[in-house]
There are 2 protein chains.
Amino acid sequence: MSREIHNRIAMFRADAGMSRRELAEAVGVNPQTIGFLERGDYKPSLELALAIAELFGVSVELLFSFEPFPSLSQALQKGRA
Amino acid sequence: MSREIHNRIAMFRADAGMSRRELAEAVGVNPQTIGFLERGDYKPSLELALAIAELFGVSVELLFSFEPFPSLSQALQKGRA
DNA sequence: ACGATTCGTTGTGTTTACGCAACAAAAATA
DNA sequence: TATTTTTGTTGCGTAAACACAACGAATCGT
């Protein structure tokens, strides 16, 4: 049970115009924790994943996945956005 | 950051006609771990949550939630199933 | 140019999600 | 009834997700 997990936290955070500190405060964790998550240094707990997804108003699967996410430009070219 | 997390693992597992040992093997964890999760003794990692949701073919939010799940009979009465 | 945010990194400490083993109780099956 | 499977619990050990502090580098606003 050790599969890699990709995430789109940085993308959604940038889209929301938030800093890491702001996101961290909004979900109740340390700013460094957000940084560690964004660059994949470690995987979030389900609790934190649910909280971030809830904050952005998206599903957990849209934020986290075992499969790597395509870049936004790639996704738009394929009409998947 | 310590919110309670409710889950429907036992319901989906029973619906699939699986034992804890079978579910545990399918997602690659110990059978006791499944038991601990089902009775809420501790919260799963996002990795395990994604794996279980993927196995049952449902979204993470359908399996795990900050809000308590209504019983199946209640949900059916309200036409939410 | 200057100060203020933001970001990246390192380190140390704590909590908890696990793995694994053992065993009793309950339930299912023959 | 006898046997097997499933479930519930306890204990011990480890790894990793956090918290917190400190600091340099980069970026932004004035």
Side-chain angles (χ1 to χ4, degrees), chain A residues 1-56 58-69 71-72, chain B residues 1-56 58-69 71-72:
Chain A
M1 252 290 295
S2 194
R3 304 168 70 179
E4 194 181 355
I5 294 186
H6 302 81
N7 77 82
R8 273 181 158 156
I9 300 177
M11 215 195 70
F12 277 93
R13 180 176 61 79
D15 186 60
M18 302 176 72
S19 68
R20 288 183 182 170
R21 188 175 51 79
E22 288 172 318
L23 173 55
E25 284 176 4
V27 296
V29 296
N30 265 34
Q32 288 94 338
T33 296
I34 301 296
F36 285 140
L37 292 184
E38 287 189 353
R39 57 187 109 94
D41 281 353
Y42 52 63
K43 314 160 194 169
S45 62
L46 172 62
E47 188 184 1
L48 182 49
L50 282 172
I52 298 177
E54 185 181 64
L55 178 71
F56 288 143
V58 299
S59 69
V60 170
E61 282 85 356
L62 215 86
L63 267 176
F64 305 94
S65 170
F66 288 128
E67 300 301 319
F69 289 103
S71 70
L72 180 57
Chain B
M1 253 291 295
S2 194
R3 303 168 71 179
E4 193 180 356
I5 294 186
H6 301 82
N7 77 82
R8 273 180 158 157
I9 299 177
M11 215 195 72
F12 277 93
R13 179 175 62 79
D15 186 59
M18 302 176 73
S19 68
R20 289 183 183 169
R21 187 176 49 80
E22 287 172 319
L23 173 55
E25 284 175 4
V27 296
V29 295
N30 266 35
Q32 288 94 338
T33 296
I34 302 296
F36 285 140
L37 291 184
E38 287 189 352
R39 54 188 111 95
D41 281 354
Y42 53 61
K43 313 162 195 171
S45 62
L46 172 61
E47 189 184 0
L48 182 51
L50 282 173
I52 297 176
E54 184 181 64
L55 177 73
F56 289 143
V58 299
S59 70
V60 170
E61 282 84 356
L62 215 86
L63 267 176
F64 305 94
S65 170
F66 289 128
E67 299 301 318
F69 290 103
S71 71
L72 180 57

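Letters go in sequence order (proteins before strands), and every chain restarts at 1.
Residues B:Phe69 and B:Met11 form no side-chain contact, since every pair of their non-hydrogen atoms from C-beta on lies 4.5 Å or further apart. Using a 4.5 Å cut-off on side-chain heavy atoms (C-beta onward), B:Phe56 and B:Leu23 make contact. In this structure, the side chains of A:Ser2 and A:Lys43 come closer than 4.5 Å at one or more pairs of heavy atoms. A:Glu22 is not listed as a side-chain neighbour of A:Arg13, based on a closest heavy-atom distance of 4.5 Å or more. Using a 4.5 Å heavy-atom cutoff, the side chains of A:Ile52 and A:Asn7 are not in contact. Residues B:Leu48 and A:Leu46 form no side-chain contact, since every pair of their non-hydrogen atoms from C-beta on lies 4.5 Å or further apart.
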Problem set entry | Stepwise side-chain contact (heavy atoms from CB on, under 4.5 Å) check, B:Leu62 with B:Phe12 | CA-CA 10 Å; B:Leu62 215 86; B:Phe12 277 93; 3.6 Å; yes
Problem set entry | Protein-to-nucleotide contact annotation, 5' to 3' order, nucleotides 14-30 of chain D [B base; S sugar-phosphate only; - none; under 4.0 Å, heavy atom] | ---SBSBBB--------
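Rounded to a whole Å, the CE atom of A:Met18 is 11 Å from the P atom of C:dT6. When the C1' atom of D:dT5 is taken as reference, atom CD of B:Glu22 falls 11 Å away, rounded to whole Å. The separation between A:Leu23 atom CG and C:dT5 atom P is 19 Å, rounded to whole Å. Distance B:Glu38 CD to D:dT9 P: 12 Å, rounded to the nearest Å. As rounded to whole Å, 16 Å separates atom C1' of C:dC7 from atom CD1 of A:Ile9. Atoms CZ (B:Arg3) and P (C:dT16) sit 17 Å apart, rounded to a whole Å.
OP1 or OP2 of D:dT7 sits under 4.0 Å from a side-chain N or O of B:Arg13. One finds a side-chain N or O of B:Arg21 lying less than 4.0 angstrom from the OP1 or OP2 phosphate oxygen of D:dT6.
Across all strands shown, A:Arg39 has heavy atoms under 4.0 Å from base atoms, whether or not it also approaches the sugar-phosphate.
The minimum heavy-atom distance between A:Thr33 and A:Tyr42, with the atom names listed, is CA-OH, 3.6 Å. Nearest heavy atom pair, residue A:Ala26 against residue A:Leu55, reads CB-CD2, 3.9 Å.
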Produce the list of close N/O pairs, under 3.5 Å, pairing protein atoms with atoms of nucleotides 25-30 of chain C; give distances to one decimal.
none

